[in-house]
Asks: 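Following this message is one structure expressed as structure tokens.
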Amino acid sequence: MEHARSARRLVLILAHLGKGATLALYIGLLARLGRRPTRIPDMTRRWHRRLCAILGIRIRVFGGAQPGCLLIGNHISWLDIPVVGAQGEIAFLSKAEVRDWPLIGWLAETAGTLFVERGAIRIDEIAGRLRKIGRDRTLMLFPEGTTSDGSDVLRFHPRLFALAQETGLMIQPVALAYRGHADERPDPVAPFIGEDTLLAHLLRVIRHPGLTAEVHFLPPTAIGEDNNTRRLLAERTRGAIVEALGMHPDAVPRHPSRANPARIPDAVPAPPPARPESIPTGGIAHVA
């Protein structure tokens with residue numbers, strides 16, 4: 001049963017990637033003719049949603065993305081992109097290495113991802129592009145600079161928060177967590193960390209019997225007299241995410257090595273119904 005499910009997911013993913021490549025070729029052709037489609041953000045959102053469905057990821061959403069905000073989230077996995085991207089017309093700021101990933105990098109660039117070189121962030125350039133993007137969609141970035149295992153949130157690098165200062169956008173924290181369908185503990189398979197490869201991690205996710213992603217859209221905060229430095233913005237945004245996820249503010253995330261990979265959880269008969277829950281946003285939880 002497990003092998004049949006994994007094989008089916010793999011076939012569907014390959015077909016889905018093929019569909020994405022076809023759309024990217026179509027978009028690229030029209031762009032060369034000066035007729036770049038205006039529906040790219042909506043097509044990207046639908047593509048992300050379908051990918052999550054194929055992977056069997058059940059998404060529980062709390063609150064919602066607010067217009068006119070810069071989304072700031074903790075970073076656990078490449079899965080963060082389709083999980084959040086399925087919730088709206090959202091672009092992402094990513095490290096330049098992702099552009100070199102086979103097929104995925106090309107699809108990400110076509111979808112409107114902004115890439116930055118490590119250690120060479122041009123805030124003014126990104127802010128100019130962000131103002132243009134902001135007319136059609138929201139931008140999300142991950143200021144930890146890398147992924148963690150999800151047991152806590154790494155320090156947020158303050159420099160990226162200059163984007164909010166330059167553009168005048170409010171900051172909306174986004175707290176992400178992954179759990180198995182069988183319980184509420186952090187899932188050991190979802191994190192994409194260390195020297196792991198995209199293909200190896202994808203195969204583990206494909207074999208996963210049931211993964212639940214939680215997306216908490218927290219209340220936006222504006223830049224004010226008591227909240228006007230990059231350091232304060234970084235600390236307070238991280239603090240809001242840590243609090244929403246029920247973590248200790250001073251805990252240190254663990255970094256499991258590849259020599260002791262996380263065990264694939266045992267299969268479960270079926271996902272349990274979503275438990276009623278409320279968070280400080282005042283939003284209503286829903287399942288995507």
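FYI, the numbering just counts along the sequence from 1.
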Asks: Could you tell me whether R45 and E89 make a salt bridge, using a distance below 4.0 angstrom between a side-chain N and a carboxylate O?
Replies: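 Salt bridge: no.
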Asks: Between W101 and L23, is there shared hydrophobic-cluster membership here, with clusters defined by ILVMFWY side-chain heavy atoms closer than 4.5 Å?
Replies: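 No, because W101 and L23 fall into different hydrophobic clusters, even though each may have its own neighbours under 4.5 Å.
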Asks: Can you name the nearest heavy-atom pair linking P143 to G73, along with the distance?
Replies: CD-O, 3.6 Å
Asks: Could you go through the side chain to side chain contact (heavy atoms under 4.5 Å, CB included) check for L232 and F161 one step at a time?
Replies: CA-CA 10 Å; L232 278 176; F161 285 81; over 6 Å; no
Asks: Keeping T44 on the side-chain end and I40 on the backbone end, is there a donor-acceptor pair under 3.5 Å?
Replies: yes
Asks: Taking I104 as the starting point, is it possible to reach I90 by hopping between hydrophobic residues whose side chains are less than 4.5 Å apart?
Replies: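 Yes.
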Asks: With a 4.5 Å cut-off on side-chain heavy-atom distances among I, L, V, M, F, W and Y, is there a chain of contacts connecting W106 to L29?
Replies: no
Asks: Do we see a donor-acceptor contact under 3.5 Å between the side chains of H157 and R155?
Replies: yes
Asks: Starting from the C-alpha separation in whole Å, work towards a yes-or-no answer on side chain to side chain contact (heavy atoms under 4.5 Å, CB included) for L218 and E243.
Replies: CA-CA 10 Å; L218 305 177; E243 182 179 0; over 6 Å; no
Asks: Please examine the side chains of F142 and N74, heavy atoms only from C-beta on, and report whether any two atoms are closer than 4.5 Å.
Replies: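 No; the side chains remain at least 4.5 Å from each other.
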Asks: Has R99 got more than 12 heavy atoms of other residues, nucleotides or ligands less than 6.0 Å from its CZ?
Replies: yes
Asks: I'd like to know if the side chain of R238 and the backbone of V153 have a donor-acceptor N/O pair within less than 3.5 Å.
Replies: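 Confirmed, R238 side chain pairs with V153 backbone.
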Asks: Are the side chains of L79 and L211 in contact, using a 4.5 Å heavy-atom criterion?
Replies: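 Yes, their side chains come closer than 4.5 Å.
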Asks: Side-chain contact, heavy-atom cut-off 4.5 Å: P219 with Q172?
Replies: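 With C-beta onward as the side chain, the pair stays apart.
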Asks: To the nearest 0.5 Å, how far apart are OG1 in T212 and CZ in R58?
Replies: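 Output value for this atom pair is 5.0 Å.
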Asks: Is there a path of hydrophobic side-chain contacts, each under 4.5 Å between heavy atoms of I/L/V/M/F/W/Y residues, joining M43 to V84?
Replies: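 Looking at the clustering, M43 is in a separate group from V84.
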Asks: Membership question, hydrophobic clusters at under 4.5 Å side-chain separation (ILVMFWY): are L10 and L12 in the same one?
Replies: yes
Asks: Would you say W78 and H201 make side-chain contact, with heavy atoms under 4.5 Å?
Replies: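 Result yes, sub-4.5 Å side-chain heavy-atom pair found.
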Asks: What are the two closest heavy atoms between P220 and Q66, and how far apart are they?
Replies: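 Smallest heavy-atom distance, with atoms named: CG-CG, 3.7 Å.
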Asks: Can you name the nearest heavy-atom pair linking P173 to I241, along with the distance?
Replies: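 Of all heavy-atom pairs spanning P173 and I241, the closest is CB-CG1, 3.8 Å.
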Asks: For the residue pair H48 and F92, categorise the inter-ring angle as parallel (less than 30°), tilted (30 to 60°) or perpendicular (more than 60°).
Replies: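 Ring orientation, 0 to 90° scale: perpendicular.
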Asks: Check whether any side-chain N or O of S77 sits under 3.5 Å from a backbone N or O of D80 as a donor-acceptor pair, and report yes or no.
Replies: no
Asks: Rounded to the nearest 0.5 Å, what separation is found between the CD atom of Q87 and the SG atom of C52?
Replies: 8.0 Å
Asks: Enter the distance from D152:CG to L245:CG here, rounded to the nearest 0.5 Å.
Replies: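 It is 8.5 Å, given to the nearest 0.5 Å.
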Asks: Determine whether a donor-acceptor pair (N or O, by modelled atom type, separation under 3.5 Å) exists between the side chain of D149 and the backbone of P191.
Replies: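 Looks like no, no N/O pair under 3.5 Å.
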Asks: Could you pull out the closest heavy-atom pair between L107 and G20, with the gap in Å?
Replies: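 Minimum heavy-atom contact is CD2-O, 3.3 Å.
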Asks: Say you draw a straight line from OG of S148 to CG of L154; how long is it, rounded to the nearest 0.5 Å?
Replies: 5.0 Å
Asks: Taking C-beta and beyond as the side chain, do L55 and L202 meet within less than 4.5 Å on heavy atoms?
Replies: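 Yes - at least one pair of side-chain heavy atoms lies under 4.5 Å apart.
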Asks: Would you say the side-chain atoms of W47 pair up with the backbone N or O of H16, donor to acceptor, closer than 3.5 Å?
Replies: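 Yes, the answer is positive, given that a donor and an acceptor are paired below the 3.5 Å cut-off.
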Asks: Would you sort out whether V215 and R60 count as a side chain to side chain contact (heavy atoms under 4.5 Å, CB included), showing the intermediate values?
Replies: CA-CA 6 Å; V215 184; R60 298 168 59 188; over 6 Å; no
Asks: Mind listing the closest non-hydrogen atom pair of R9 and H208 along with its distance?
Replies: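 Smallest interatomic distance, heavy atoms only, reads NH1-O, 2.7 Å.
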Asks: Could you check whether any side-chain heavy atom of I76 comes within less than 4.5 Å of a side-chain heavy atom of F192, counting everything from C-beta outward?
Replies: no
Asks: When you compare the side chain of L70 with that of T167, does any pair of heavy atoms fall below 4.5 Å?
Replies: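 Contact flag for T167/L70 side chains = no.
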Asks: Any idea which heavy atoms bring H75 and T146 closest together, and the distance?
Replies: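 Looks like CB-O, 3.6 Å.
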Asks: Let me see the working for V174 and I72 under side chain to side chain contact (heavy atoms under 4.5 Å, CB included), right down to the final yes or no.
Replies: CA-CA 6 Å; V174 181; I72 304 287; over 6 Å; no
Asks: With a 4.5 Å limit on heavy-atom distance, are the side chains of Q165 and I223 in contact?
Replies: yes
